[in-house]
Amino acid sequence: MRWSNLFVPTLRDAPADAEAVSHKLLVRGGFIRQLQSGHYSLLPLGVRVAQKVTQVIRDEVEAIGGQEFLLPCMHPASIWEKSGRIDTMGAEMFTLVDRKGADQVLGMTHEEIFTTVFSEISSYKDLPQIWYQFQTKFRDEPRPKAGLLRVREFTMKDSYSFDIDEAGLDAAFVAHREAYERIYARLGVEARGVEASSGAMGGSESVEFMVNSPAGEDDVAQCGACGYAANLERATSVIPAIDDGEAAGSTERFPTPGVRTIKALAEVEGGAAAERQIKTLVYLLDGELTLLLVRGDHNLELQKLIDLTGAVTVNPAGPETIQSALGALPGSLGAVGVSDLKIYADLALKGRVNMTTGANEDDWHLRGVSVERDIAVDHWADLRRADAGEGCSVCGKPLDVLRAIEVGHIFKLGRKFTEAFGVTVLDADSNPQVPIMGSYGIGVGRAVAAVIESNHDDEGMVWPVNVAPFEVVITVVKVADEKSMEVAEQIYADLRAAGVDVVLDDRDARAGVKFADAELVGIPWRLTIGPRGLEAGQLELVERATGAKSDVAIESAASTLVESVNAARS
RNA sequence: CGGGACGUGGCGCAGCUCGGUAGCGCACCUGCUUUGGGAGCAGGGGGUCGGGAGUUCAAAUCUCCCCGUCCCGACCA
């Protein structure tokens with residue numbers, strides 16, 4: 001490629017509304033342009049990187065036996081009705097009506113469609129299967145953000161495994177886990193597999209691949225001692241026991257005028273420290289009013305509740321609803337004596353006595369509450385969000401909580417879809433069996449952004465060779481100099497012949513501009529050709545990542561580069 | 001969906017408080033000089049001031065409505 005023919009609109013200034021490093025650099029480097037919130041055009045350099053990332057993923061999925069498909073991105077709504085997900089996905093699906101009046105949706109994932117194709121298989125002899133594709137997904141995200149990190153339209157590698165039994169699924173899952181680890185290593189990101197909730201997709205064992213970055217949107221609890229790592233959505237931790245003293249004989253009402261918060265109750269005369277309080281939250285779970293109890297100083301982790309109950313819609317109840325159900329407004333709520341509502345309580349409240357909570361009358365609280373004696377808890381469960389500094393539930397050492405980007409997600413789907421679509425295959429005994437599925441996804445654009453988040457410096461991007469838009473740039477300092485161009489053309493031809501992805505910067509621009517652009521777009525090696533070097537018979541070679549400069553003889557420049565590039569590829 | 005901010009040539013911004021018909025830097029075009037780290041000089045092109053209504057002799061500026069974009073919280077590759 002000749003830079004003079006390339007469309008690489010680099011910018012000196014980042015757009016004002018970009019926040020994340022990857023967003024700024026992708027725009028500044030001329031990789032992407034925004035069409036509207038959550039929808040980006042990939043420019044030539046963006047396409048090059050995306051294609052290289054795609055190829056790395058393809059290699060590794062093929063290596064575990066994946067077969068590439070390409071399914072439609074527009075689906076009849078009926079297929080989503082059949083799986084029931086048109087309701088659970090709700091507003092996140094783009095929907096439209098065709099000219100015949102048929103309801104259509106834009107696919108946000110492809111379990112339904114792959115399962116439909118799979119229904120043609122009817123013998124255990126044809127299992128296992130791993131099917132995958134790179135296809136555009138559409139998700140009407142409430143809040144797209146940070147350039148390519150969260151968008152409404154994106155390419156995803158999604159694969160699906162079909163097996164006759166759990167053992168087969170386990171094997172497919174492990175194979176994917178290992179393939180993903182190889183993929184991230186080749187992309188130059190440190191991604192760790194962490195325990196995760198499978199969310200709206202449904203399923204059991206679930207692992208997210210996380211790259212630590214302030215631009216991320218997830219919080220991950222990590223144990224530096226034993227390696228335990230889990231999304232805060234399901235991370236557990238151990239906390240010290242609290243000495244409640246002797247259980248009070250009975251509960252006691254006491255006035256708390258104006259007290260509306262945990263903090264205020266902790267400070268008021270006759271109140272109680274936050275860890276001695278019961279926080280009472282009122283939620284609507286699929287429309288059913290429910291009380292959720294956690295310790296006063298703890299936070300509810302909603303995802304844990306959703307995973308536990310399978311609830312589809314979970315919303316905090318409004319003040320009017322709460323008032324009419326409990327007789328008080330938030331600030332004075334409690335579960336003592338409540339019998340007509342379902343009550344979930346966090347395990348940290350189990351066995352606690354002498355607790356303080358709202359009396360369900362504004363400006364009144366109760367003390368001396370023994371949780372198990374005084375509250376009709378229906379379900380005990382881990383509902384609280386783990387916090388930094390709490391003990392690792394595996395080894396007890398303090399946990400860290402770090403921001404991270406979710407660059408991949410694998411999980412065991414189970415038989416949800418094969419059952420919904422009535423798919424069976426015959427086993428060796430001629431009995432019909434419902435195959436079990438796994439689902440595995442990597443967002444290509446997000447992976448690109450994550451690579452940048454992990455590989456950049458003040459000058460711009462620093463691409464790993466495997467995914468760099470070009471592996472080498474030949475910078476001709478003075479294009480008007482015939483000798484320079486002659487040498488450049490020769491090395492350019494040699495590198496191309498050797499299979500190196502090289503760009504010849506033959507623009508009639510000042511050297512400084514070309515150097516700055518090469519660094520901004522992060523090309524791993526720059527070979528500088530100018531009259532000064534030619535006179536000495538030497539060319540300057542600069543490695544982007546380290547800034548290391550070396551002089552190479554004209555004759556050996558190409559072979560040196562071929563060697564370096566080959567050594568760095570993986 | 002709740003909260004906050006912003007919208008002026010391709011990008012970054014000023015002008016708005018106190019109405020008088022749009023300006024700066026970068027980028028772009030032409031010429032000359034320069035040429036190993038984002039050149040200098042001279043000349044030049046490009047803007048429905050997000051949209052619509054209203055107030056006014058007069059609106060980028062004031063008022064109202066709408067749209068868009070970004071950031072923080074509830075959702076996910």
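Numbered from 1 within each chain, the chains take letters A, B, ... in sequence-line order. This is a predicted model, so every value here is computed, not measured.
Just one of R507(A), R526(A), R510(A) meets the salt bridge (Lys or Arg N to Asp or Glu O under 4.0 Å) condition when paired with D517(A); it is R507(A).
Side-chain N/O atoms of K145(A) include one lying less than 4.0 angstrom from OP1 or OP2 on C72(B). For C67(B), the OP1/OP2 oxygens have no side-chain nitrogen or oxygen of Q36(A) closer than 4.0 Å. Between T155(A) and A77(B) there is no side-chain N or O to OP1 or OP2 distance below 4.0 Å. Distances shorter than 4.0 Å separate none of the side-chain N or O atoms of R143(A) from OP1 or OP2 on C76(B).
Here E141(A) lies in heavy-atom contact (under 4.0 Å) with a base. Within 4.0 Å of P15(A), counting heavy atoms only, lie sugar-phosphate atoms of the nucleic acid but no base atom.
Atom CG in L232(A) sits roughly 12 Å away from atom P in C75(B) (whole-Å rounding). We find that NE2 of H176(A) is positioned 14 Å from P of A77(B), with the value rounded to whole Å. Between the C1' atom of C75(B) and the NZ atom of K304(A) lies a distance of 18 Å, rounded to the nearest Å. In this structure, I405(A) places its CD1 atom 18 Å from P of C76(B), rounding to the nearest Å.
Relative to the side chain of A16(A), the nucleotides C75(B), G12(B), C71(B) differ in distance, and G12(B) lies closest.
Taking 3.5 Å as the limit, the base of C6(B) and the side chain of D17(A) contain no donor-acceptor pair of atoms between them. Taking only distance into account, the side chain of E519(A) meets the base of G37(B) through a donor-acceptor pair shorter than 3.5 Å. Checked by distance alone, R150(A) brings a side-chain donor or acceptor within 3.5 Å of a matching partner on the base of C75(B). In the interface, the side chain of R510(A) is not paired with the base of G40(B) through any donor and acceptor atom under 3.5 Å apart.
For the pair L11(A) and E301(A), both in contact range of RNA chain B, the more 5′-proximal nearest nucleotide belongs to L11(A).
To the nearest 0.5 Å, atom OG of residue S37(A) and atom CZ of residue R143(A) are 9.5 Å apart.
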